[in-house]
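Below, all heavy atoms of this structure are taken into account, side chains as well, without hydrogens, waters or symmetry copies. Reminder, nothing fancy here: chain letters follow the sequence lines and each chain counts from 1.
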Amino acid sequence: MSNAAFRGLALLVVAAALLLRLPALGLRPMHHDEANQALKLGRLLETGEYRYDPTDHHGPSLYYFSWVLARAEGRTTLAALDEADLRLLPALFGAATVLLLIAFAGALGRPAALAAGALAAVSPAFAYYSRFYIQESIFVFLIAAFALASWRWRARPSAGRAILAGAAAGLMFATKETSVIVFAAVAVAAAGTRLLAGTARVAPGAKRPSPLRDLAWGAGAAGVTAALFFSSFFRHPRGVLDAILAFPGYVAKSGDPGFHAHPAGYYFGLLTYSKSGGLVWSEALVLALACLGIIAAIRTRESFRVAAALASLTAAAAFSLIPYKTPWNALPFYIGFVLLAGAGADFIFRRLRGAPAKAAAGILLGAGLLNLAWQSGLANFRYPADPRNPYVYAQTVPDYQRLVKRLDELTPYLPGKERALIKVVCGPYETWPLPWSLRRHPNAGYWTDAASAGFGPGAEAGRDAAAPAAAALIIASEDQAAKLGPILEDAYHAEFYGLRPDVILTLFVANEPWERFLSERRR
Amino acid sequence: MTRRTRIVALATLVLALAGTAAVAFSQSQDPNKEELKLQLPKPMFIGTPRNIRTPNLEAVTGKPRGPFFVPKGTKLLSLHKPVTSSDMQPVIGELKFVTDGEKSGEDGYFVELGPGSQWVQIDLQGEYSLAAILVWHYHAQARVYRDVVVQVSNDKDFVTGVTTLFNNDHDNTSGLGLGKEKEYIETNEGRLVDGKGVKARYLRLYSNGNTSNDMNHYVEVEVYGTPAK
C-alpha cells in the first residue's frame with residue numbers, strides 16, 4: 001500500500017470516527033454516573049480541590065483532563081458547563097484511540113491496522129461509550145498507548161520508550177482500578193508469547209535491550225505519573241496511599257455486585273447479538289474477524305499477534321469471571337479483539353487467491369462496516385437512551401428531559417427565579433442526576449424523606465403547603481410523593497416524569513407560578 | 001375521619017355508583033343502541049402497573065372497562081384503510097400496521113414513529129358518523145404516552161372543520177390547545193375515545209413520546225361508526 005493511499009484511508013477512518021463521536025453530544029440525558037463525575041469536576045473547577053476517594057468514583061485522570069479542556073473552553077464553574085462540554089473529552093479520546101490503532105501499522109501491517117481502525121471507528125460499543133462522560137474512553141486510549149509503546153520498546157529498546165510505556169501504564173492506573181486486570185493479562189501474554197513465539201527480534205541497528213534497566217525506568221515513570229494524579233499534584237499526598245488501600249474495597253465490590261451481577265457470558269452475549277422491541281444489534285463481525293486473527297496468530301507465531309491474542313483472551317476471561325459487570329467494562333478487552341479483527345481481515349485477503357475473490361471479500365467487509373456504522377447511528381442518535389439499545393445501562397430515560405425542560409420553563413415564574421428554593425425529596429437511588437440538572441439553582445436542597453424536608457407530622461407541614469413561596473418546586477420519588485400528596489393537597493400542581501425504567505419522579509409546582517406559566521402558554 | 005365525614009363520603013359513593021349504573025342502564029335500554037363488541041389482544045404484562053398518584057393521571061383500577069354502547073348498525077370502518085403520518089419512513093414497522101387488524105403487543109405488530117410530536121392520519125374514504133375510536137399505542141409495557149390528541153375532520157389537511165375528541169396535553173405542548181383529559185397507562189384494552197356521532201372522513205392521532213422512550217408507537221387504531229346521513 002502506497003504512503004498516499006495509507007494516509008488517505010487513515011484520514012477517512014478518523015473522519016468516520018469523529019462523525020460518529022462529535023455531533024449532538026448533548027442528545028442523551030445525563031446518566032447518574034456522568035452527573036456524579038460532573039459535580040466532582042465542578043468542584044475542581046470552582047475551588048481547585050480534588051481528593052481521591054478510595055471508596056468509589058475510580059481514578060483522578062478524568063477530572064484533571066476535563067479541567068484542562070474546560071479551562072481551554074473558558075469554563076470555570078459547574079453552572080457554565082453543559083452535557084456537550086463534558087462529553088467532548090471522551091469523544092476526542094475515542095477518536096484518538098482509532099488513530100492509535102492505525103499507528104499499529106508497524107506491528108500488524110498497514111491493511112490490518114487500517115481495518116482495525118475502521119472497525120473501532122464504526123463499532124457501536126466504542127462509539128457509544130466515547131460519548132459518555134465516564135473513564136472508559138480514556139482508559140481504552142491508554143491501553144492502546146501502553147500496548148503501542150511497549151511493542152515499540154520491544155522492537156527497538158530504549159529508556160525513552162520504556163518511560164513512555166511506563167507513563168501510559170501510570171495513567172491507566174490513575175484512570176481505573178481495573179488496570180490491574182489489564183496489567184495481569186499483559187504479564188500472562190508476555191510469558192505466553194515467550195513460550196509460543198520465542199524472543200522478539202530486535203530491529204536491525206537497534207541497541208541490545210537492557211530489560212532490567214528499562215523496566216526500572218518504566219516502573220519509575222508509571223509510579224511518578226500515578227502519584228502525581230492520586231496526590232492531586234502534591235496537594236493531597238495521602239491519595240497515593242489511598243489508591244493502594246482502595247483495593248480491598250474494590251475486591252469486595254466485585255464479589256458482591258448487587259444490581260450489577262451478570263453471568264459470565266454477559267459481555268460476549270451483548271456484543272454478539274441482541275434483539276428487543278423490533279431492534280436487532282450485533283457486532284459479531286468484529287468477533288468473527290477476531291477469531292480469524294487468533295487463528296492467524298497461531299499459524300504465524302508472529303510475536304505481536306500472539307501477544308495481542310493472549311492478552312485479549314486473558315483479559316476477556318478475567319472480566320467475564322468477575323460477577324460485577326457493566327457493559328462499558330467490555331471495552332478494555334474488546335479493544336484487543338478489534339486489533340485482532342484487523343489482523344483477521346488481513347488474513348482473509350492474504351489467503352484468497354485471485355482478484356474476483358478479493359473483490360468479493362472487500363465488498364462484504366465494506367458492507368459489514370456500513371452495517372456497524374448504521375447501528376452506531378441508531379445507537380447514538382436515534383435510540384441513545386432507549387432501553388432497547390443494548391449499550392444503554394441504568395440510563396436516565398428521555399422523559400427526564402421533559403422534567404429538565406419544565407424546570408427551565410418554570411424558572412422565570414418562580415419567586416427569586418434561579419434562586420428559588422427547590423426541595424428534592426428522594427432516596428439516593430432516585431436523586432441522581434438531579435444535582436447536575438439543578439446546578440444553576442443554588443438553593444436546591446436535598447432530603448431523603450418528606451419528614452426531614454419539613455413535610456412530616458409536627459414539622460410545620462402546613463406552613464409549607466400554605467406558603468408555596470417556601471418551596472416553589474418540590475421533586476419527589478414515588479414513595480415520598482405518596483406522603484407529600486395529601487400534605488400539599490391543592491396548593492401544588494403535580495406532574496410525573498420518568499427517571500429510569502420503572503422509576504418515576506413527581507414534580508410539585510406551587511399553584512401561583514404554575515398558573516402564571518399556564519396563562520402565558522394559553523396566549 | 002369523623003362520623004359525619006364518613007356518612008357524607010359513603011353517600012357520595014352510593015350516589016356516584018347509582019348514577020353510573022343509571023346511565024349504563026338507560027343506554028342499554030335505548031332501543032337504538034347496542035353494546036360495542038371488541039376483540040382485545042391478550043395482556044402482555046401481569047399485574048397492575050405502579051400506582052402513580054398525580055391529578056393528571058388516571059388511577060389504575062385493574063378492572064376491565066365497562067360496556068360502551070353505540071348506535072345499532074355500527075361497524076368497524078378503519079380496517080385496511082390508508083394511513084399517512086408525519087413520519088412517512090418509520091424505522092420499525094409499517095404505517096399499514098395501524099389498520100391491519102393485528103393488535104398483539106409482541107414485536108412485529110407495531111409501527112414506530114420518530115421522536116417528538118408525531119401523528120398518524122386515517123382516511124376512512126368516506127364520511128361517517130363516528131361512534132368510537134380505539135387506540136393501542138403499545139401495550140407490552142406499562143407506559144404513558146404524552147400529549148395524546150385525537151382530532152377528526154373532513155379536511156385532509158386539518159385546517160378547517162376540525163373537532164377534537166380527546167386531548168390530554170394539559171399544558172399545550174403540541175400547540176393544539178389545552179387538554180382536559182387525563183393521561184393514562186397503556187394496557188391491552190386500548191384507549192376508547194367516544195366518537196360522539198361527529199361526522200368526519202379523516203382522523204388524526206397525535207402523541208409526543210412516552211415515559212419509556214421518546215418514540216411514538218401504534219399497534220392498532222380501530223374506528224367504529226355508521227354511514228353519515
Side-chain angles (χ1 to χ4, degrees), chain A residues 27-29 275-280 374 377-378 381-389 392 395 397-402 405-406 409-410 476 478-479 481-486 489-490 492-509 514 517-523, chain B residues 44-45 49-59 87 89-94 97 105-117 138 140-147 168-179 182-185 208-217 219:
Chain A
L27 193 63
R28 185 173 47 78
K275 185 181 179 197
S276 174
L279 297 170
V280 177
W374 168 250
L378 290 180
F381 303 114
R382 190 168 175 101
Y383 302 105
D386 193 308
R388 291 172 296 171
N389 175 343
V392 163
Q395 168 66 43
V397 295
D399 203 43
Y400 177 81
Q401 284 173 320
R402 293 177 206 269
K405 187 176 172 215
R406 178 68 89 225
E409 288 170 341
L410 288 167
E478 200 178 329
D479 55 336
K483 294 177 187 171
L484 286 168
E489 291 182 326
D490 298 328
Y492 286 76
H493 167 83
E495 297 180 311
F496 68 95
Y497 295 93
L499 172 65
R500 285 189 288 280
D502 287 330
V503 183
I504 297 286
L505 293 176
T506 302
L507 172 69
F508 294 95
V509 188
W514 175 255
F517 160 70
L518 212 55
S519 64
E520 192 67 33
R521 269 286 175 95
R522 286 195 188 102
R523 287 180 191 172
Chain B
M44 291 294 289
F45 55 86
R50 303 168 87 96
N51 197 7
I52 309 156
R53 292 182 187 197
T54 77
N56 200 36
L57 181 71
E58 273 183 11
D87 181 359
Q89 290 186 316
V91 172
I92 299 174
E94 298 173 48
F97 289 3
E106 291 163 357
D107 290 350
Y109 292 93
F110 64 85
V111 61
E112 179 174 278
L113 311 179
S117 185
Y138 185 88
Q141 186 186 52
R143 56 171 71 161
V144 175
Y145 280 80
R146 301 292 194 178
D147 307 331
N168 69 13
D169 180 7
H170 72 284
D171 59 354
N172 197 21
T173 305
S174 300
L176 298 167
L178 285 174
K182 291 185 177 184
E183 294 185 308
Y184 59 92
I185 296 172
N208 186 11
N210 64 82
T211 46
S212 288
N213 55 57
D214 48 3
M215 302 296 157
N216 297 277
H217 306 91
V219 170

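Between chain A and the residues Asn172(B), Thr173(B), Asn208(B), the largest count of heavy-atom pairs under 4.5 Å involves Asn208(B). The candidate with the highest count of non-hydrogen atom pairs below 4.5 Å against chain A, out of Asn210(B), Asp171(B), Val91(B), Asp107(B), is Asp171(B). For chain B, the option among Arg406(A), Gln401(A), Lys275(A) with the highest count of heavy-atom pairs below 4.5 Å is Arg406(A). Taking Glu112(B), His170(B), Met215(B), Arg146(B) one by one and counting their heavy-atom pairs under 4.5 Å with chain A, the maximum is reached by Arg146(B).
Partner of Glu478(A) under the side chain to side chain contact (heavy atoms under 4.5 Å, CB included) criterion, out of Val503(A), Ile504(A), Leu505(A): Ile504(A) alone.
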Determine, step by step, whether Leu279(A) and Asn389(A) satisfy the side chain to side chain contact (heavy atoms under 4.5 Å, CB included) criterion, reporting the C-alpha distance in whole Å, the side-chain angles of both residues, the deciding distance to 0.1 Å, and the verdict.
CA-CA 8 Å; Leu279(A) 297 170; Asn389(A) 175 343; over 6 Å; no
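Looking at Glu183(B), only its side chain comes within 4.5 Å of chain A, counting heavy atoms on both sides. For Tyr400(A), no part lies under 4.5 angstrom from a heavy atom of chain B. Both the backbone and the side chain of Thr211(B) come within contact range of chain A, judged by heavy atoms closer than 4.5 Å. Residue Arg382(A) touches chain B through both its backbone and its side chain, counting heavy-atom pairs closer than 4.5 Å. Heavy atoms closer than 4.5 Å to chain A are found in the side chain of His217(B), but not in its backbone.
Between the side chain of Arg143(B) and the backbone N or O of Ser212(B), no donor-acceptor pair lies under 3.5 Å. Between the side chain of Asp214(B) and the main chain of Pro115(B), no donor-acceptor pair closer than 3.5 Å is present.
For Asp399(A) against Phe496(A), the heavy-atom pair with the smallest separation is OD2-O, 4.5 Å.
Put simply, CG on Leu507(A) and OH on Tyr492(A) are 11.0 Å apart, with the number rounded to the nearest 0.5 Å.
For Tyr109(B), the OH atom counts as loosely surrounded, since its 6.0 Å shell holds 12 or fewer non-hydrogen atoms of other residues, nucleotides or ligands.
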